[in-house]
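Everything numeric here is computed off the predicted structure, so don't read it as measured data. Whatever order the structure lists them in is the order used to number ligands and atoms, beginning at 1. Computation of the quantities below employed the complete heavy-atom set of this structure, encompassing side-chain atoms and omitting hydrogens, waters and symmetry-equivalent molecules.
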Amino acid sequence: MPLDSVAVRLLFNPNNTGGIQSLRHSSKLEANKENMSAETVGRLCFRSINALAPMVRVGTLPMRLLALDYGADIVYSEELIDIKMAQCQRVVNEVLGTVDFVAPDERVMFRTCKKETERVVLQMGTADPERALIVARLVENDVAAIDVNMGCPKEYSTKGGMGAALLANPDQIEAILRTLVKGVSKPVTCKIRLLPTLEDTVGLVKRIEKTGVSAIAVHGRLKDERPRHPVHCDFIRAVASAVSIPVIANGGSLDLVKAYADIEDFRKAAGASSVMVARAAMWNPSVFQSGDGNPAVRYDNHAFNTKYCLCQMLREKVESPLGKQLLSAQTTEEICEAYGLQEYYKTTQAELQARRDAIQTNHNDLDQPVLDGDVTTMRVKFERREYPGEYSPKMFLLEWSRTESLEQPQYETVQRSQDRAFQSIVTVAGKKYRSTLWEKSKKFAEQAAAIVCLRVLGLPEGREGEPDSGLVGKRKREGKRKGTADENAAVESGARKRRSSDNPAEQRMGSGESTVPNGVERRSGSVGLPHCLSTV
Ligand SMILES: Cc1cc2nc3c(=O)[nH]c(=O)nc-3n(C[C@H](O)[C@H](O)[C@H](O)COP(=O)(O)O)c2cc1C
């Protein structure tokens with residue numbers, strides 16, 4: 001989804017829940033429930049989840065709701081410093097329908113609402129177990145879990161012994177986490193960075209695991225590494241295999257996570273249970289969207305129209321790398337590539353093909369003759385372009401009847417009142433044949449009935465590509481050669497009658513109109529033949 005429209009949603013419609021996303025959430029919830037053991041029922045599960053990472057000033061309520069809306073399973077708050085939070089009062093904001101944690105100076109430090117209660121994790125900046133517990137108890141009933149930040153390398157965090165400073169003080173880490181795990185009913189997690197050696201990192205996470213935390217988020221960078229440095233997936237992998245609690249991989253935004261499908265690739269590369277995304281989500285929270293609901297692909301929209309609409313959305317960003325890739329795309333597949341939706345494109349195409357095949361199979365079944373009372377029916381439509389020659393199925397049927405010394409085929413046509421469509425029955429050798437489909441003209445309805453008869457009898461019908469049976473052409477050629485019109489006359493008269501029955505005025509000529517009980521209007525087209533509009 002283009003960023004502009006996301007921004008608009010952030011400003012004006014943060015509560016919008018797409019139906020598809022809601023469905024996705026509920027299925028993830030089910031999955032989560034499956035992962036829960038008896039004693040953890042109702043507690044947030046951190047396995048197989050995609051989370052919005054904690055981000056100062058970014059991870060406020062609107063962004064969290066938007067991320068949830070797009071498909072994030074869990075959303076972290078921005079880091080909230082324990083000293084400030086501990087001074088807050090819990091206030092129910094009836095106007096907004098939110099719960100606010102308000103500082104003495106009236107500033108709202110943390111605002112949350114019902115929609116995220118079961119999915120929001122409050123991240124705390126703390127260096128003190130007792131203060132951490134006060135804050136955790138204050139928010140306990142309004143959040144799904146409590147996280148402790150042990151990775152922030154910024155001075156404002158480290159100078160108070162918080163954030164990444166804690167990494168050098170594992171005893172304090174243990175004390176804080178044990179106090180929280182013991183003191184609140186909600187799951188407790190922490191977010192760390194890597195220590196200089198793998199051994200030290202693994203040693204630390206093992207100690208952390210023993211405190212009883214429910215998960216560890218690992219930002220795969222060292223304390224002194226900057227966000228532009230590559231993430232160390234191998235370290236995260238080693239950590240993940242050293243503990244049995246879920247490890248949430250983090251740090252992949254710059255090099256690895258550009259679109260939804262990359263989140264799973266990052267998870268696999270890091271060998272982790274779950275993934276936490278910060279910058280990629282800040283740049284565009286629709287990164288959490290699986291693409292399940294992409295209507296341009298799902299409804300086979302014309303590629304150029306899709307491209308046009310997307311360019312309108314990108315506006316001046318049409319000059320960006322994404323815009324340029326979009327502009328050069330010629331197909332829906334190439335457009336999907338630009339947005340990292342290749343997998344979605346492939347699966348959707350496969351699904352649509354499967355549906356096409358299933359429908360075709362159904363139609364093939366319908367192509368088999370079915371006896372309806374004394375009438376043999378088939379699902380046949382007369383497509384004029386499939387019979388390009390001058391001979392029609394009716395003529396083939398007439399000729400065949402003659403060669404077999406049978407009576408001329410008799411056509412009986414009815415017209416439906418609701419849409420004025422026609423359906424014909426042809427009687428040949430005492431047997432009746434009808435197409436189950438209704439046609440827009442009497443002429444077409446008769447041709448369809450003739451086709452049913454010819455197909456059931458395994459006879460040629462004059463269709464394009466059909467081997468020349470010589471049946472009709474031969475008669476005509478012979479007639480012409482002899483210079484006699486007698487044999488040919490029947491065909492010609494049939495054609496004439498056919499032509500005349502094409503004439504709407506003549507079609508209306510039937511005086512014997514009657515309405516049959518099923519609401520179908522029965523019309524006769526030639527005087528003296530009350531139930532047959534024409535005989536050829
Ligand atoms: C704007 C911004 C604010 C951040 N604030 C926090 C924070 O409050 N707490 C925290 O643990 N990490 C914070 N981080 C770090 C991220 O959570 C994350 O660890 C880091 O950006 C790497 O993940 P990424 O590659 O997905 O961006 C912040 C990052 C950014 C870009």
Looking only at heavy atoms, is any part of [X] under 4.0 Å from ligand 1, and if so is it the side chain, the backbone, or both, or is it neither?
X: H219; result: side chain
X: M55; result: both
X: V56; result: both
X: R57; result: neither

Is the closest side-chain donor-acceptor distance between [X] and [Y] under 3.5 Å?
X: S185; Y: E140; answer: yes
X: T112; Y: D142; answer: no
X: T179; Y: E130; answer: no
X: N284; Y: S286; answer: yes

Checklist entry - If hydrogens are left out, which of M276, R279, K191 has an atom nearest to atom 15 (C) of ligand 1, that is, the closest non-hydrogen atom? => result K191
Checklist entry - Of the choices E79, E78, Q123, which has the non-hydrogen atom that lies closest to atom 9 (N) of ligand 1? => result Q123
Checklist entry - Within less than 4.0 angstrom of ligand 1, does G252 place any heavy atom? => result yes
Next on the checklist: If we only consider heavy atoms of P227, is any one of them less than 4.0 Å away from an atom in ligand 1?
Outcome noted: no
Checklist entry - Is there a side-chain contact between L122 and S77, using heavy atoms and a 4.5 Å cut-off? => result yes
Checklist entry - Going by heavy atoms in the side chains, are V121 and V143 under 4.5 Å from each other? => result no
Item to check | D234 vs R237, salt bridge (charged side-chain N to carboxylate O under 4.0 Å, His left out): CA-CA, chis, key distance, verdict | outcome: CA-CA 5 Å; D234 49 343; R237 178 175 281 279; over 6 Å; no
Per-atom contacts of ligand 1 with [X], taking only distances under 4.0 Å to non-hydrogen atoms:
X: N149; result: 9 (N), 10 (C), 11 (O)
X: N250; result: 18 (C), 19 (O), 20 (C), 22 (C), 23 (O), 26 (O)
X: G251; result: 22 (C), 23 (O), 24 (P), 25 (O)

Next on the checklist: Does atom NZ (K154) have a neighbourhood of more than 12 heavy atoms from anything else shown, all under 6.0 Å?
Outcome noted: no
Checklist entry - Got more than 12 heavy atoms from elsewhere within 6.0 Å of CZ, R107? => result no
Which protein non-hydrogen atom lies closest to [atom], naming both residue and atom, and how far is it?
atom: atom 17 (O) of ligand 1; value: P54 O, 2.8 Å
atom: atom 21 (O) of ligand 1; value: A278 CB, 3.5 Å
atom: atom 26 (O) of ligand 1; value: S253 OG, 2.6 Å

Item to check | Nitrogen or oxygen atoms of A53 and ligand 1 under 3.5 Å apart | outcome: no
Checklist entry - Is the backbone of I74 close enough, under 3.5 Å, to the side chain of R119 for a donor and an acceptor to pair up by distance? => result no
